[in-house]
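Residues take their numbers from the sequence shown, with the count starting at 1. Source: prediction; values computed, not measured. Whatever order the structure lists them in is the order used to number ligands and atoms, beginning at 1.
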Amino acid sequence: MHNQDHCKHLLSGLSDYVDGELEDSLCRELEQHIANCPDCKIVVDTTRMTVSLYHAASGQSEPMPDDVRQRLFDCLNLGEYTRNTT
Ligand SMILES: [Zn+2]
């Protein structure tokens, strides 16, 4: 069964996940989820790859600045997942 709300909930932690800063329990939840959810797997794989390319290209190991990250996620059409909604 596909549960969009669950996807959204998990992808809201994606930004921390690719930084390796997501708490362990959420990390495991996300990894279990993408094992069964191809849509989210693509999103996670794409983001992880893009972030590692960023690090390779910039030579920085620091987390991506928030504004760069937000632009990236907007490009990937992930803005809705990662933007802090007000
Ligand atoms: Zn999903």
Side-chain angles (χ1 to χ4, degrees):
M1 193 187 358
H2 198 76
N3 184 333
Q4 283 267 290
D5 283 345
H6 194 215
C7 291
K8 256 189 148 158
H9 163 69
L10 289 170
L11 290 177
S12 68
L14 180 61
S15 170
D16 289 333
Y17 178 74
V18 294
D19 286 341
E21 288 175 355
L22 192 64
E23 47 181 292
D24 284 353
S25 60
L26 286 174
C27 222
R28 271 196 298 275
E29 203 182 334
L30 181 64
E31 280 166 356
Q32 272 173 15
H33 178 77
I34 62 176
N36 297 301
C37 182
D39 288 347
C40 286
K41 187 175 191 316
I42 289 169
V43 170
V44 171
D45 283 351
T46 304
T47 306
R48 195 158 36 191
M49 193 176 68
T50 309
V51 169
S52 68
L53 285 175
Y54 167 83
H55 288 314
S58 66
Q60 291 186 27
S61 56
E62 311 262 303
M64 201 180 276
D66 283 348
D67 58 329
V68 177
R69 181 197 309 261
Q70 193 60 59
R71 272 202 303 276
L72 164 66
F73 285 173
D74 284 345
C75 287
L76 296 171
N77 286 320
L78 296 174
E80 63 174 308
Y81 297 121
T82 58
R83 187 176 293 114
N84 292 323
T85 48
T86 49

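- Metal site remark for the Zn ion (ligand 1): C40 contributes an N, O or S atom at a distance under 2.8 Å.
- Note that CD of E31 is 12.5 Å distant from CG of N36, once rounded to the nearest 0.5 Å.
- Using a 4.5 Å heavy-atom threshold, the side chains of E29 and H9 count as touching.
- Here S12 contributes atom OG and L22 contributes atom CG; the two are 8.5 Å apart, rounded to the nearest 0.5 Å.
- Atom NE2 is the N, O or S atom of H33 at the shortest distance from the Zn ion (ligand 1).
- Vertex the Zn ion (ligand 1), arms ending at SG of C7 and SG of C37: the angle is 120° after rounding to 10 degrees.
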Could you pull out every donor-acceptor pair under 3.5 Å between side chains of residues 48-59 and any protein atom, sequence neighbours left out?
from : atom 1 : to  : atom 2 : distance (Å)
R48  : NH1    : Y17 : OH     : 3.1
R48  : NH2    : D45 : OD1    : 3.4
T50  : OG1    : T46 : O      : 2.6
S52  : OG     : R48 : O      : 3.4
S52  : OG     : M49 : O      : 2.9
H55  : ND1    : Q60 : O      : 2.9
S58  : OG     : Y54 : O      : 2.8
S58  : OG     : Q60 : N      : 3.3

